[in-house]
Engineer: 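Mind looking over this structure? Questions follow.
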Amino acid sequence: MEGSSDGNGVPSSNSFDKSRVLDVKPLRSLVPMLPDMPQGQSFICAPPFGPFPSGFSPFFPFSVQQGSQCAPETATPIRSSSTAVPHSAKKRVKRNRNVHSSPGFASGKGSTKDFKLGFSFAERDDGNKEVVENVRMRFDALRRRFSQLEDAKESSSGIIRRADLKAGNVLMSKGVRTNMKKRIGSVPGIEFGEIFFFRIELCVVGLHAQTMGGIDYVNVRGDLEQETLAVSIVSSGGYDDEAEEANVLIYSGQGGFKDKEAPDQKLERGNLALETSLHRGNEVRVIRGMKDAVSPKTKVYVYDGLYKTESSWMEKGKSGGSIFKYKLLRLPGQPDVFALWKSIEKWKEGLSLRPGLILPDLTSGAESMPVSLVNEIDDEKGPAYFTYFPTLKYSKSFKLLQPFFGCNCHTACGPGSTNCSCVQKNGGDFPYTANAVLVSRKSLIHECGLSCPCFPNCKNRVSQTGLKVRLEVFKTRDRGWGLQSWDPIRAGTFICEYAGEVIDKSNTRQDGEDGDNNDHVFDTSHTYQSFRWNFEPELMEEESPPAPIEEYDISSPLIISAKNIGNVARFMNHSCSPNVFWQPVIYEHNNESFLHIAFFAMRHIPPMTELTYDYGIARTDGESSSAPSGRKKCLCGSPKCRGYF
DNA sequence: GACGTTTCAACGGT
DNA sequence: CACCGTTGAAACGT
């Protein structure tokens, strides 16, 4: 293991050694080490990882880094609300005040616990990126928690049927929402292409205020009288809209949605608003409801951008009555959103349609799903040589652990498996929701292992059952190779584990830097930026146990080298504002426990967005030089960039 | 203001 | 999976 690897995944200087870059062939011959099982069943000559004695301290400080400095936000209230303030503004203000004193909750016992709103009251009317992010994170954390309770059916006061609505209701009644003031055009803090998984999620950030309605509108003072203008529409397949061309949308008016014999639609409400918008020529936000490729029975809502209504007409609907039709044209100069989604659909049908494709599957079948290799930037033909291997390789030099006892479940373990001993190790709550989304970060997650008889339908094996999203390794503009996804990813989704060779630190040189850089090395002993991801128990109505502690809790440092052997994780770049985080997971293999590093989505990630995590900062060991010799200049570009990592 | 109406949800069952 | 029934809650309008 000599030699510097290239700068993959590392915004290092341009110490890129082209001579080591291999062309296509070696990569193609990256044969998985395991003949059959992608999971590497019993073949890994895998002496165990060291024991995990208790009695150690958390290995990084929990500094609170709450956003005191507002990101310089260039909010673009395209046509600011001077005209668009609803006449009901007074009502709103009043409602705000009510919310402020939260009368509905003050009476409930144990619910008067204070929680931090986290932003100003003004920011509830007009948001910005930071507040939007804050609200979205808190919404989904709460939603996941309610979902967990729903799955387990352990909610003591009435069952939760709709975790999304429940979470939305709690946040709205507490005033944890933003962009309440309706506006025409862009919404501050929400970018084109952002994705949402529930309609109520659009409401809490102010992108579309109707919980179900497809047309949102606002009252404005017109030339002579009040008129209503459409501000946003959701095109979701409920009616037969036409969405063939990427920049044209034929949208059906509202009325008679579910009726078998629909009467004629009337020119009122949303229909009237769209009609007025046609004459006034105002911008209308368009949100497209798409089928989720990862779980096809759910929907993804994509903020496609601003449109203008070009024309309208009436036609006979299928169920008898006549319906309104509106033709909307996408404004030029906006990033392609819907068009990109359409392209990805085509790439999936024929991989060769992907521009810049070098390899259809750089894993050579080692993963459950292909991972394409793409370069649209220059003529480099691929990353430096390495051997693709989908999981960890433990070297021989580790001591044996004490014997491991798996569960004895003979049905698939899942959210209701309170008797499963593996589940019990997680502290009572099943760590994942029914659709395999991680509920909370934890010091350690216990999954079922090889000798547990519950295989293969067990739901407690999320991080060991292969890739779930369609990934792609691509050439970035200035940071070597990177990782991104063709599929939209919802927060809490498992992305991949960090595969590679486990390094025995006692064997490793103490000197650290003998020309060896830390490219393609994962090290739990780095100092990581802390962040809050879990739900806030104080937002739950009834007394709720505290959220799991989000500090990692690893007895001895785990160092994984992916220089020579690794998987897709080795291509993930660093960011100081990452969208992915790592989570220790432990499960059994040949009667011994092994620690793994699993990556989960921190937030919803739109397709073709680079996946990044915090590499952390190597600890400078006391006496050694104070210069940050092992550190690299960071090119993540985030406003919160620390400058190096 | 309270209440009824409207609404391109979300789920689970078949 | 496609349809279908059930449950559901914010905003709007009366």
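Protein chains get the first letters and strands the later ones, always in sequence-line order, with residue 1 at the start of each.
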Engineer: If only side-chain N and O atoms of A:Lys182 are considered, is one of them under 4.0 Å from the OP1 or OP2 phosphate oxygen of C:dC12?
Structural biologist: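 It does, given that an N or O in the side chain of A:Lys182 lies less than 4.0 Å from OP1 or OP2 of C:dC12.
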Engineer: Rounding to a whole Å, what distance do you find between A:Met290:CE and B:dA10:P?
Structural biologist: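 Those two atoms, CE and P, are 15 Å apart.
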Engineer: Without decimals, in angstroms, what is the distance between A:Asn435 CG and B:dG12 C1'?
Structural biologist: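 Between C1' of B:dG12 and CG of A:Asn435: 14 Å.
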Engineer: Return the value, rounded to whole Å, for the distance between atom CD1 of A:Ile160 and atom C1' of B:dA10.
Structural biologist: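 So the two atoms are 15 Å apart, to the nearest Å.
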Engineer: In chain order, what residues pass the ring-ring contact (aromatic ring centres under 6.0 Å, His included) check against A:Phe119, with sequence neighbours excluded?
Structural biologist: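 Here no residue qualifies.
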Engineer: Under 3.5 Å, side chain of A:Thr276 to main-chain N/O of A:Leu229, donor-acceptor pair present?
Structural biologist: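 Absent.
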Engineer: My understanding is that only residues two or more places apart in sequence, or in another chain, count here; which of them pass salt bridge (charged side-chain N to carboxylate O under 4.0 Å, His left out) with A:Glu194?
Structural biologist: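 If we apply the salt bridge (charged side-chain N to carboxylate O under 4.0 Å, His left out) test to A:Glu194, skipping adjacent residues, the hits are A:Arg136.
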Engineer: Got a sec, which residues hit salt bridge (charged side-chain N to carboxylate O under 4.0 Å, His left out) with A:Arg138, two or more places apart in sequence or on another chain?
Structural biologist: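 Partners of A:Arg138 by the salt bridge (charged side-chain N to carboxylate O under 4.0 Å, His left out) criterion, ordered by chain and then number, come out as A:Glu536.
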Engineer: Rounded to the Å, how far apart are A:Leu272 CG and C:dC12 P?
Structural biologist: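 About 14 Å, once rounded to whole Å.
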Engineer: Without decimals, in angstroms, what is the distance between A:His208 NE2 and C:dA11 P?
Structural biologist: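 Computing the A:His208:NE2 to C:dA11:P distance gives 11 Å.
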Engineer: Starting at atom CD1 of A:Ile200, determine the distance to atom C1' of C:dA11, rounded to an integer number of angstrom.
Structural biologist: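 Distance, rounded to whole Å: 11 Å.
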Engineer: Specify the separation, in whole Å, of atom CG of A:Asp164 and atom C1' of B:dA10.
Structural biologist: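 In whole Å, B:dA10 C1' lies 6 Å from A:Asp164 CG.
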Engineer: Just the atom pairs and distances: protein N or O near nucleotides 6-8 of chain B's N or O, under 3.5 Å.
Structural biologist:
| unit_1 | atom_1 | unit_2 | atom_2 | d |
| --- | --- | --- | --- | --- |
| B:dC8 | OP1 | A:Gly214 | N | 3.4 |
| B:dC8 | OP2 | A:Tyr239 | OH | 2.8 |
| B:dC8 | O2 | A:Ser236 | N | 2.7 |
| B:dC8 | O2 | A:Gly237 | N | 2.8 |
| B:dC8 | O2 | A:Gly238 | N | 2.7 |
| B:dC8 | N3 | A:Asp241 | OD2 | 2.7 |
| B:dC8 | N4 | A:Asp241 | OD1 | 2.7 |
| B:dC8 | N4 | A:Asp241 | OD2 | 2.7 |
| B:dC8 | N4 | A:Ser252 | N | 3.3 |
| B:dC8 | N4 | A:Ser252 | O | 3.3 |

Engineer: Please lay out, stage by stage, how A:Tyr239 and A:Gln254 fare under the test side chain to side chain contact (heavy atoms under 4.5 Å, CB included).
Structural biologist: CA-CA 9 Å; A:Tyr239 297 84; A:Gln254 60 189 190; 4.2 Å; yes
Engineer: Sequence neighbours left out, what passes salt bridge (charged side-chain N to carboxylate O under 4.0 Å, His left out) with A:Asp164? Give chain and number order.
Structural biologist: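 Salt bridge (charged side-chain N to carboxylate O under 4.0 Å, His left out) check on A:Asp164 returns A:Arg162.
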Engineer: Quick one: is C:dG8 close enough that its OP1 or OP2 comes under 4.0 Å of any side-chain N or O from A:Arg161?
Structural biologist: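 Affirmative; the distance criterion is met.
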Engineer: Send over the distance from A:Ile287 CD1 to B:dA9 C1', rounded to a whole Å.
Structural biologist: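 Atom-to-atom, A:Ile287 to B:dA9, this comes out as 15 Å.
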Engineer: Taking the nucleotide of DNA chain C with the nearest heavy atom to each, does A:Thr228 or A:Lys297 sit closer to the 5' end?
Structural biologist: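 That would be A:Lys297.
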Engineer: Kindly write out the residues that satisfy ring-ring contact (aromatic ring centres under 6.0 Å, His included) with A:Phe494, not counting sequence neighbours, or none if the list is empty.
Structural biologist: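 Testing A:Phe494 for ring-ring contact (aromatic ring centres under 6.0 Å, His included), a comparison that skips the adjacent residues, returns A:Phe600.
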Engineer: So if I take every side-chain heavy atom of A:Pro296 and compare against C:dA11, C:dC1, C:dT7, which nucleotide ends up nearest?
Structural biologist: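 Closest nucleotide among those given: C:dC1.
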Engineer: Dot-bracket for DNA chain B, 5' to 3', with Watson-Crick and G-U pairs under 3.5 Å, [ ] for crossing pairs and | for other-strand pairs: what is it?
Structural biologist: .||||||.||||||
Engineer: Verify the contact: side-chain N or O of A:Arg162 to OP1 or OP2 of C:dA10, cut-off strictly under 4.0 Å; return yes or no.
Structural biologist: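 No.
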Engineer: Would you please name every residue forming a side chain to side chain donor-acceptor pair (under 3.5 Å) with A:Arg269, sequence neighbours left out?
Structural biologist: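 With neighbours one apart ignored, the set is empty.
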Engineer: Not counting sequence neighbours, which residues clear ring-ring contact (aromatic ring centres under 6.0 Å, His included) with A:Phe599? List them please.
Structural biologist: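 Applying ring-ring contact (aromatic ring centres under 6.0 Å, His included) to A:Phe599 gives A:Tyr613.
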